[in-house]
Amino acid sequence: MKEINVGLIGFGTVGTGVAKLLLGNSDHIAAKLGARLVLKKIADLDTTTDRGVALEPGVLTADINEILDNPHIEVVIELIGGYEPAKTFVLRAIAAGKHVVTANKALLALHGDEIYSRAAEAGVEVLYEAAVGGGIPVLSAIKGNMAANRFATILGILNGTCNYILTRMTKEGSDFAAVLKDAQQLGYAEADPTFDIEGIDTAHKLALLLSLCFGTKVVFKDIYTEGITAISALDIAFARQLGYGIKLLAIGKLDGDRIEARVHPTMIPVNYPMADVDGAFNAIRLTGDFIGPVMFYGRGAGMEATASAVVGDVMDIARNRVAGIGSRVPARGMLESAVKELKIKPMGEIVCRYYIRFSAVDQPGVLAAIAGALGRNNISIESMIQTGRSGDYVPIVIITHEAAERDVTAALAEIDGLEMIREKSKLIRIEDNLE
Ligand code: HSE
């Protein structure tokens with residue numbers, strides 16, 4: 001049986017899962033491929049920690065060149081994450097004519113343009129299913145069976161750590177910091193959890209989805225990104241009272257020759273399927289012009305699920321090797337020459353409904369002042385909740401009708417400057433008009 005040699009860079013959580021899957025399901029994979037995947041080398045600076053994987057002597061090395069300079073290795077799996085040295089290793093692998101599988105969303109979101117064009121020139125494949133949604137095969141579906149569609153919207157719960165934290169905060173009223181620690185222990189969080197909780201990891205994944213769904217390059221820094229660190233138990237409780245759940249959503253919409261691209265905590269109606277996506281699970285909801293709405297759901301993080309997507313990509317490449325053909329599908333699912341450069345719409349132009357929570361002194365004239373500032377800025381109030389005093393202030397929650405973000409920002413600047421307002425007002429965008 002034909003053998004296809006694979007080199008793995010990075011023997012951390014996901015790398016260990018990949019080694020376990022390649023070795024443990026070796027016969028099963030061979031029966032599906034008609035070829036055997038051989039894990040020839042694993043490169044990692046730590047060659048001593050026991051990962052619970054029985055490797056042949058000489059497989060684990062601290063020398064990256066044993067993979068990149070090895071002419072017998074056809075497929076390189078990059079799982080070290082981060083920008084450097086991952087970028088150098090990936091470009092070296094491509095230059096050496098090796099196919100690349102990576103889970104590195106940060107690298108591709110910022111340097112994908114260069115990596116994809118080098119891969120196209122070299123005639124090799126770059127596959128990155130594990131970079132978005134862990135084990136969920138959404139990128140393969142966009143590039144594959146759904147490829148004929150024009151996509152209009154992307155909604156995603158793309159970060160297992162944030163979703164796990166928000167779920168526990170909602171169900172148990174737990175404290176943010178304690179739950180983050182659990183997420184890290186479960187292996188969901190990035191090495192630097194700031195990327196998770198500040199929404200950056202979600203924005204990286206959104207950049208890849210935007211690129212694939214809308215056939216465009218994406219200027220990563222133009223994606224509006226807001227994390228979950230300011231979400232409080234009080235806002236979660238008010239959201240429930242109003243019939244909403246709070247999720248960190250990635251939102252992408254095609255609007256003429258521009259795109260909306262934003263990541264922020266979002267209130268969605270509790271009866272939306274996405275509101276039931278709990279724990280480290282992820283979901284991606286796309287709308288295509290022929291398929292209509294379609295939703296993918298599964299484990300978005302963790303050793304085994306992510307390994308499943310990585311090995312699936314390796315098998316995809318191996319199938320082409322077995323058939324004796326080169327790359328069939330470009331990295332962005334579209335010829336590089338056809339990829340567009342759509343601009344991201346400024347946030348001020350976004351229109352949606354808003355939840356705003358004010359913390360005000362309980363005295364006559366407060367509501368009139370708030371309503372006046374909203375009215376002067378073209379913002380119409382849909383409903384309002386005022387509960388009892390909490391300490392020396394009273395929370396006032398207002399749900400607006402659809403308003404432009406520019407107007408909301410101006411109104412809040414005015415209101416937050418009032419003496420009767422105790423702390424910066426909280427704003428959460430609402431998404432409840434799904435087609
Ligand atoms: N840190 C990521 C998450 C892992 O929490 O979803 C998967 O990319």
Side-chain angles (χ1 to χ4, degrees), residues 10 12-18 21 77-83 86 101-110 112 127-140 154-169 176-212 220 223 225-229 231 246-250 263-266 274 277-285 296-313:
T13 305
V14 179
T16 301
V18 167
L21 181 49
I77 304 171
E78 181 276 305
L79 295 176
I80 51 176
Y83 306 112
V101 173
T102 177
N104 194 334
K105 54 261 165 172
L107 177 66
L108 296 180
L110 273 88
L127 294 184
Y128 47 95
E129 184 62 74
V132 180
I136 306 171
V138 61
L139 305 190
S140 312
I154 303 164
L155 280 192
I157 294 173
L158 301 176
N159 186 271
T161 303
C162 287
N163 206 49
Y164 176 84
I165 292 173
L166 289 174
T167 302
R168 292 225 6 223
M169 285 178 74
F176 177 88
V179 185
L180 170 62
K181 210 171 248 172
D182 286 353
Q184 285 175 292
Q185 268 159 12
L186 287 163
Y188 302 151
E190 298 299 302
D192 176 0
T194 316
F195 271 36
D196 296 297
I197 60 181
E198 297 296 355
I200 301 160
D201 176 75
T202 300
H204 287 147
K205 293 165 178 169
L206 176 62
L208 303 187
L209 285 170
L210 289 164
S211 189
L212 280 173
F220 180 72
I223 298 178
T225 306
E226 182 188 318
I228 62 165
T229 51
I231 295 296
I246 300 179
K247 294 288 184 190
L248 182 71
L249 279 200
V263 172
H264 49 70
T266 310
M274 276 216 159
V277 175
D278 283 341
F281 278 80
N282 281 192
I284 300 105
R285 184 187 190 275
F296 297 79
Y297 168 83
R299 288 189 195 281
M303 177 194 283
E304 287 91 0
T306 312
S308 161
V310 170
V311 175
D313 277 350

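Please read these numbers as outputs of a predicted model, since none were measured by experiment. Order of appearance sets the numbers: ligands from 1, and atoms from 1 within every ligand.
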| request: Name the closest protein heavy atom to atom 5 (O) of ligand 1, giving the residue it belongs to and the distance to 0.1 Å. | output: Thr161 OG1, 2.7 Å

| query | Are Leu209 and Leu139 side-chain neighbours, meaning at least one heavy-atom pair lies under 4.5 Å? | reply | yes

| Is it the side chain (CB and beyond), the backbone, both or neither of Asp196 that lies under 4.0 Å from ligand 1, heavy atoms counted? | side chain

| request: Number the atoms of ligand 1 from 1 as they appear, then name those within less than 4.0 Å of a heavy atom of Ala189, with their elements. | output: 1 (N)

| task | Answer yes or no: is there an ion pair linking Asp278 with Lys247, defined by an N-O contact shorter than 4.0 Å? | result | yes

| Of all the atoms in ligand 1, which lie at a distance below 4.0 Å from a heavy atom belonging to Tyr188? | 1 (N), 2 (C), 3 (C), 4 (C), 5 (O)

| said: For atom 2 (C) of ligand 1, what is the closest protein heavy atom, and at what distance to 0.1 Å? | reply: Glu190 OE2, 3.1 Å

| Which bit of Asp201 is near ligand 1, meaning a heavy atom under 4.0 Å away: side chain, backbone, both or neither? | side chain

| Strictly by modelled atom types, are His204 and Thr202 linked by a side-chain donor-acceptor pair under 3.5 Å? | no

| query | Among all protein non-hydrogen atoms, which one is nearest to atom 8 (O) of ligand 1, and what is the separation to 0.1 Å? | reply | Lys105 NZ, 2.6 Å

| query | Aromatic rings Tyr297 and Phe281: how do their planes relate, parallel, tilted or perpendicular, breaks at 30° and 60°? | reply | parallel

| message | As an exercise, identify every atom of ligand 1 less than 4.0 angstrom from a heavy atom of Gly160. | response | 3 (C), 5 (O), 6 (O)

| What residues form a side chain to side chain contact (heavy atoms under 4.5 Å, CB included) with Ala305, not counting sequence neighbours? | Arg299

| Hey, mind stepping through Ile284 and Leu155 against side-chain contact (heavy atoms from CB on, under 4.5 Å) and telling me if it holds? | CA-CA 6 Å; Ile284 300 105; Leu155 280 192; over 6 Å; no

| message | Restricting to side chain to side chain contact (heavy atoms under 4.5 Å, CB included), what partner residues turn up for Thr13, sequence neighbours left out? | response | Met303

| remark: Quick note on ligand 1: atoms under 4.0 Å from a heavy atom of Gly300 include exactly 6 (O), 7 (C)

